[in-house]
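Notes follow the structure.
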Amino acid sequence: MDTIKSQQVTFKVFRFNEETDYLPYYNTYTLDVTHEEVVLDILNRIKWDHDGSLSYRRSCRHGICGVCSIKVNGKGILACKSRLFDLVDVFGSELVIEPLSTKRVIKDLIIDKKDFWDKHAAVKPYLVSDIVEHPASEHLVSPHDAEKLLEADYCIQCGACHYSCPALAINEEFIGPAAFAAAYRFSADVRDDASLERLHIVNGEAQGVWDCVKCMECAEVCPKEVNPIEKITKLHNMVFEANIAKNNVATRHAVGFAHSIEKHGLLDEGELVRYSEGNIGVLKHVPVALKMFAKGKIVLPWNMPKADKLDEIKKLIKSSSTVKF
Amino acid sequence: MEKLKYALFTGCTAKESTPEQMMSTLAVAKKLGIELVELTEASCCGASHLQDYDDFLSLVLNARNIAYAENHGLTMVTICNTCQLNTAMTKHRLDHNAELKAKVNAKLAEVGLEYKGTSQITHFLYAIIDDFGLDKIKEMVTTPLSQFNIAPFYGCHNIRPSELQNESHKSPESAYKPTSLDDLIVACGGVNVDYEEKNKCCGFHAELQAPRTAAILTGNAVAGAMDANADWMVTPCPLCHLKLDTQTHHASIAIGREVSLPVLHMQQMVGLALGCTPAELGLNHHVTKVDFV
Ligand code: SF4
Ligand code: SF4
Ligand code: SF4
Ligand code: FES
């Protein structure tokens, strides 16, 4: 790749000024791009050589401050960290430059991140601990304990995951991947005393971890490899371990898998829905279930298939289970 | 070419709500001369939910499934995106963490098994593309799907996280601009349709917990394919299939617009192009009628 030193790329850049524009529009620029340039270099060149009114955020230019995050062809990136040639490799030589969220634009690529910061603040993203005012020595965290954070502390609050999360785009109450990662980061810290409080927050209905659709986009998009969905899974686990899981459709849905596997080795799909929803809640699924039944898509309880060597599975469930509900 | 042979991990859906997926998998494998040894001992992979309740138990059960593929000395082939992700994720975690692997193996030893890490895990879609080859598929097509605009629906758990997924692919797939399923459509003689939702989530995994979110995601996906003039959709994931095929009533209400398209499993599409009959492919098992054959 590096044998090609420069190439022509067309940039369609999102423009909108909250104060003067009724609708957003796009400006197109065709530029020669060199192989060492990152997206931020291009934004600078457009601003300095073509249109001084183009607005975007930049500061550290080192992938540390988190302000330069935007979207290129729908992919959330840090402008200062993403090489043009890597993007052209995937998307071709026409790149669409947009803000992280077109709904929240103030001007051009600058968005109002208030909702992001509000969600962040809501999970108490700081250590809660009784401080000894005059400690005899430093309060050290062992490397083993530091590893428990799973690098959640690498988050730079760029918002790329938050504004790419489909669950959040629909359900505005949803706390979102970045704030969940922060909730995990502090709850997993051995010095912290507010873990239970935070778990109650992330366990809430509509706002909590249960509304994640498990699309894995937050893991994909994060420029710092924070892997928020991994932390969301951890929070689920911590909710069960702390024994604060409410008895509701979401928790029963997770637990139902263990019951079903113990009985059949396989998932009993119908029973999972009944167990999760309860005998009354399940009724709302009857119309679809009837249509499915008519097409041979429902296995009746007495025909439920079983895995071979079910005794092995039962034995492993007995010996390997680590939580109770 | 040496005959391709894999250990087939069917997952639960193929045995229950998507019998057509099992039928079409076997029909296509037969046409292509691929031998599938079914892992009848395998348990459910936990479908990305068991791990929320008990992560260690989920690891042990998935490691057990892989151990059976290893005992056959075969690559494991999955036919469900979520099975693929759960199983490949288990493999990745055990292969990169000796301590965890030892803990899991201590449990597996109780039933006389061991996870070694010797089997690869790949989805049938990628087995076809990487191992069998699209050129050979093209040569074998007897009924080109040339009159159809086909909308690929990739399904999250085959393309994200791409770093993990690409561990088992010959050529890397981008999560933002995936091409494998598009290429397969073209190899079958069809016209691949581009639309924004093709790499987005169908909402399946939150259907019970967050029904409104799930319904809107389904609605958006089908609407996107319809607006791009698709005649039908195709997916490698039976869970996406269930969502898109059986849930469009709720989805239509949620997005305030009537949406519905026939949805085929990836195997059914290949089967049609290779001359399998609709009955062999179980096309009568769909809720949204497949009305074009
Ligand atoms: S995995 Fe969950 S939190 Fe992450 S982007 Fe998807 S829905 Fe959002
Ligand atoms: S988790 Fe990653 S993508 Fe999300 S805000 Fe933090 S650094 Fe950005
Ligand atoms: S799109 Fe939905 S059902 Fe399909 S693989 Fe992704 S999460 Fe699963
Ligand atoms: S300018 Fe600071 S992260 Fe890009």
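For the numbers below, each heavy atom of this structure counts, side chains included, while hydrogens, waters and symmetry mates do not. In the text below, chain A, chain B and the rest are named by the order of the sequence lines, each starting its count at 1.
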Do you know the tightest heavy-atom contact between [X] and [Y]?
| X | Y | answer |
| --- | --- | --- |
| Ile261(A) | Ser43(B) | CG2-CB, 4.3 Å |
| Leu57(B) | Ser321(A) | CD2-OG, 3.8 Å |
| Cys44(B) | Phe257(A) | SG-CD2, 4.0 Å |
| Leu208(B) | Ser276(A) | CD1-CB, 3.8 Å |
| His205(B) | Val213(A) | CB-O, 3.7 Å |
| Asp308(A) | Arg64(B) | O-NH2, 3.8 Å |

Interface moiety of [X] toward chain B, non-hydrogen atoms closer than 4.5 Å:
| X | answer |
| --- | --- |
| Val209(A) | neither |
| Phe325(A) | both |
| His264(A) | neither |
| Cys212(A) | backbone |

Does [atom1] belonging to [X] count more than 12 external heavy atoms closer than 6.0 Å?
| X | atom1 | answer |
| --- | --- | --- |
| Lys148(A) | NZ | yes |
| Glu114(B) | CD | yes |
| Lys224(A) | NZ | yes |
| Lys314(A) | NZ | yes |
| Glu196(B) | CD | no |
| Ile280(A) | CD1 | no |
| Phe56(B) | CZ | yes |
| Tyr26(A) | OH | yes |

Per-residue contact mode, [X] against chain A (heavy atom under 4.5 angstrom):
| X | answer |
| --- | --- |
| His286(B) | backbone |
| Glu207(B) | neither |
| Ser174(B) | side chain |
| Asp245(B) | side chain |
| Thr13(B) | both |
| Asp54(B) | both |

> Going through the distances and angles, do Met292(A) and Leu242(B) end up as a side-chain contact (heavy atoms from CB on, under 4.5 Å)?
Replying inline: CA-CA 10 Å; Met292(A) 290 176 66; Leu242(B) 275 173; 3.9 Å; yes
Backbone of [Y] reached by a side-chain donor or acceptor of [X] within 3.5 Å:
| X | Y | answer |
| --- | --- | --- |
| Arg160(B) | Cys215(A) | yes |
| Lys214(A) | Ser48(B) | yes |
| Lys295(A) | His285(B) | no |

>> I'd like to know whether Leu85(B) forms a side-chain contact (heavy atoms from CB on, under 4.5 Å) with Met216(A), so could you lay out the CA-CA distance, the side-chain angles of the two residues, the decisive distance to 0.1 Å, and finally the verdict.
In response: CA-CA 10 Å; Leu85(B) 176 64; Met216(A) 315 307 277; 3.9 Å; yes
Kindly compute the distance separating [atom1] ([X]) from [atom2] ([Y]), expressed to the nearest 0.5 Å.
| X | Y | atom1 | atom2 | answer |
| --- | --- | --- | --- | --- |
| His49(B) | Leu267(A) | NE2 | CG | 9.5 Å |
| Glu230(A) | Arg93(B) | CD | CZ | 7.5 Å |
| His253(A) | Leu50(B) | NE2 | CG | 11.0 Å |
| Asn227(A) | Leu164(B) | CG | CG | 10.0 Å |
| Leu59(B) | Ser320(A) | CG | OG | 10.0 Å |
| Asp52(B) | Phe240(A) | CG | CZ | 7.5 Å |

>> Between Gln51(B), Glu16(B), Lys15(B), His249(B), who has the most heavy-atom pairs with chain A when the cutoff is under 4.5 Å?
In response: Glu16(B)
Among [options], who wins on heavy-atom pairs under 4.5 Å with chain B?
| options | answer |
| --- | --- |
| Asp211(A), Asn237(A), Val90(A) | Asn237(A) |
| Val273(A), Val323(A), Ile229(A) | Val323(A) |
| Asp268(A), Thr322(A), Val249(A) | Thr322(A) |
| Lys309(A), Glu269(A), Lys291(A) | Glu269(A) |

> Can you find a side-chain donor-acceptor pair between Ser319(A) and Glu110(B) that sits under 3.5 Å?
Replying inline: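 Short answer, yes.
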> Would Lys177(B) and Asn73(A) count as a side-chain contact (heavy atoms from CB on, under 4.5 Å) if you check the C-alpha gap in whole Å, the side-chain angles of each, and the deciding distance to 0.1 Å?
Replying inline: CA-CA 9 Å; Lys177(B) 203 180 174 199; Asn73(A) 293 44; over 6 Å; no
>> Quick check on side-chain hydrogen bond (donor to acceptor under 3.5 Å, both in side chains): which of Glu217(A), Glu220(A), Lys71(A) does Tyr176(B) satisfy it with?
In response: Glu217(A)
> So do Val60(B) and Ile317(A) actually touch side chain to side chain, heavy atoms under 4.5 Å?
Replying inline: no
> Looking at side-chain heavy atoms only, is the closest gap between Lys315(A) and Val111(B) below 4.5 Å?
Replying inline: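 The answer is yes; the side chains approach within 4.5 Å.
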